[in-house]
Undergrad: 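First the structure, which I've put down as structure tokens, then a few questions once you've had a look.
The first residue of the sequence shown is numbered 1, and numbering continues consecutively from there. For ligands, and for the atoms within them, numbers begin at 1 and follow the listed sequence. These numbers come from a predicted model, not from an experiment.
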Amino acid sequence: MVANDVPTGDCLFCRIIDGEIPATKVAENGQVLAFRDINPKAPTHVLVIPKRHVANVVGLAAVSATELQAVFAMAGRIAIEEGLDAGYRLVVNTGAVAGQTVFHAHLHLIGGRELPE
Ligand code: 5GP
Ligand code: ZN
């Protein structure tokens with residue numbers, strides 16, 4: 001398990017879920033929230049997060065397969081809504097050395113342009 005967990009009260013994405021910090025929401029249900037990345041890397045750059053605070057997606061898989069499924073299902077629905085039929089990228093940075101900066105599980109849904117390796 002990669003470390004880097006933080007208390008929920010200090011978590012940026014928990015504060016977005018709680019409405020303390022504004023975000024441009026794309027979709028929401030009981031378990032998942034999706035909102036636009038503040039620093040988009042492509043025409044579509046949406047962060048899809050579980051409402052439960054878990055440090056990363058592997059941690060989410062360990063506690064709730066249902067919520068992990070809900071995150072991916074939401075990403076797939078948004079990809080269709082955003083017209084990304086030709087393809088898109090789902091990115092999961094896990095751990096600070098891999099570029100994770102917010103230690104609340106999230107998928108980056110990125111698309112709308114050519115995405116070279
Ligand atoms: P990570 O680097 O942890 O994989 O991704 C964190 C993402 O959160 C980054 O792409 C960053 O641009 C985004 N981000 C950081 N702060 C905010 C914020 O206050 N609002 C939104 N919408 N996105 C943020
Ligand atoms: Zn959190």
Undergrad: Does any N or O atom in Leu47 lie less than 3.5 angstrom from one in ligand 1, N or O only?
TA: no
Undergrad: Is there a donor-acceptor contact under 3.5 Å linking the side chains of Glu82 and Thr44?
TA: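 There is such a pair (donor and acceptor under 3.5 Å, judged by atom type) between the side chains of Glu82 and Thr44.
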Undergrad: Give yes or no for whether the N/O distance cutoff of 3.5 Å, strictly under, is met between His45 and ligand 1.
TA: no
Undergrad: Using a 4.0 Å cut-off to any heavy atom of His106, which atoms of ligand 1 qualify?
TA: 1 (P), 3 (O), 4 (O), 5 (O), 6 (C)
Undergrad: When rounded to the nearest 0.5 angstrom, what is the spacing between CE in Met74 and CD in Glu28?
TA: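 Nearest 0.5 Å value for the CE-CD distance: 8.0 Å.
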Undergrad: I'd like to know if the side chain of Glu20 reaches the main chain of Arg15, judged simply by a donor and an acceptor atom lying under 3.5 Å from each other, with no hydrogens or angles considered.
TA: no
Undergrad: Can you sort out which atoms of ligand 1 are near Asn39, meaning under 4.0 Å from one of its heavy atoms?
TA: 12 (O)
Undergrad: Going by distance only, is there an N or O of Gln100 that falls short of 3.5 Å from an N or O of ligand 1?
TA: no
Undergrad: Polar-atom distance check: Arg36 versus ligand 1, any N or O pair below 3.5 Å?
TA: yes
Undergrad: Checking the N or O distance criterion of under 3.5 Å, is ligand 1 in contact with Gly99?
TA: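 Gly99 vs ligand 1: N/O contact under 3.5 Å present.
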Undergrad: How long is the span from the CD1 atom in Ile16 to the NE2 atom in His106, to the nearest 0.5 Å?
TA: 10.5 Å
Undergrad: Can you list the ligand 1 atoms lying under 4.0 Å from a non-hydrogen atom of Val102?
TA: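 In order of numbering, the contacting atoms are 3 (O), 6 (C).
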Undergrad: Which protein heavy atom lies closest to atom 16 (N) of ligand 1, and at what distance to 0.1 Å?
TA: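 The answer is Leu12 CD2, 3.2 Å.
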Undergrad: For side-chain contact (heavy atoms from CB on, under 4.5 Å), just list the numbers for Ile49 and Phe35, CA-CA rounded to whole Å, side-chain angles, deciding distance to a tenth of an Å, and then say yes or no.
TA: CA-CA 9 Å; Ile49 73 173; Phe35 54 95; 3.7 Å; yes
Undergrad: Among the N, O or S atoms of His104, which one sits nearest to the Zn ion (ligand 2)?
TA: ND1
Undergrad: Who's closest to atom 13 (C) of ligand 1 heavy-atom-wise, of Ile16, Val46, Asp37?
TA: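 Heavy atom nearest to atom 13 (C) of ligand 1 belongs to Asp37.
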Undergrad: To the nearest 0.5 Å, tell me how far Asn29 CG sits from Arg77 CZ.
TA: 6.5 Å
Undergrad: Just give me the atom name: the N, O or S atom of His53 closest to the Zn ion (ligand 2).
TA: ND1
Undergrad: List in chain and number order the residues that pass ring-ring contact (aromatic ring centres under 6.0 Å, His included) with His45, two or more places apart in sequence or in another chain; answer none if no residue qualifies.
TA: His108
Undergrad: What pair of heavy atoms forms the shortest contact from His104 to Pro50, and how long is it?
TA: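 Looking at all heavy atoms of both residues, the shortest contact is NE2-O, 2.8 Å.
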Undergrad: Is the closest N or O pair between Ile38 and ligand 1 shorter than 3.5 Å?
TA: yes
Undergrad: Applying a strict 4.0 Å limit to heavy atoms, is Phe13 in contact with ligand 1?
TA: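 Phe13 counts as a contact of ligand 1 under the 4.0 Å cut-off.
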Undergrad: Taking 4.0 angstrom as the limit and counting only heavy atoms of His108, give me the atoms of ligand 1 inside it, by number and element.
TA: 1 (P), 4 (O), 5 (O), 7 (C), 10 (O)
Undergrad: Please determine which of Asp37, Val26, Thr24 meets the side-chain contact (heavy atoms from CB on, under 4.5 Å) test together with Val46.
TA: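 Only one option passes, and that is Val26.
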Undergrad: Which Ile, Leu, Val, Met, Phe, Trp or Tyr residues join Ile110 in one cluster when any pair of side-chain heavy atoms under 4.5 Å counts as a link?
TA: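 Direct or chained contacts put Ile110 with Val91, Leu115.
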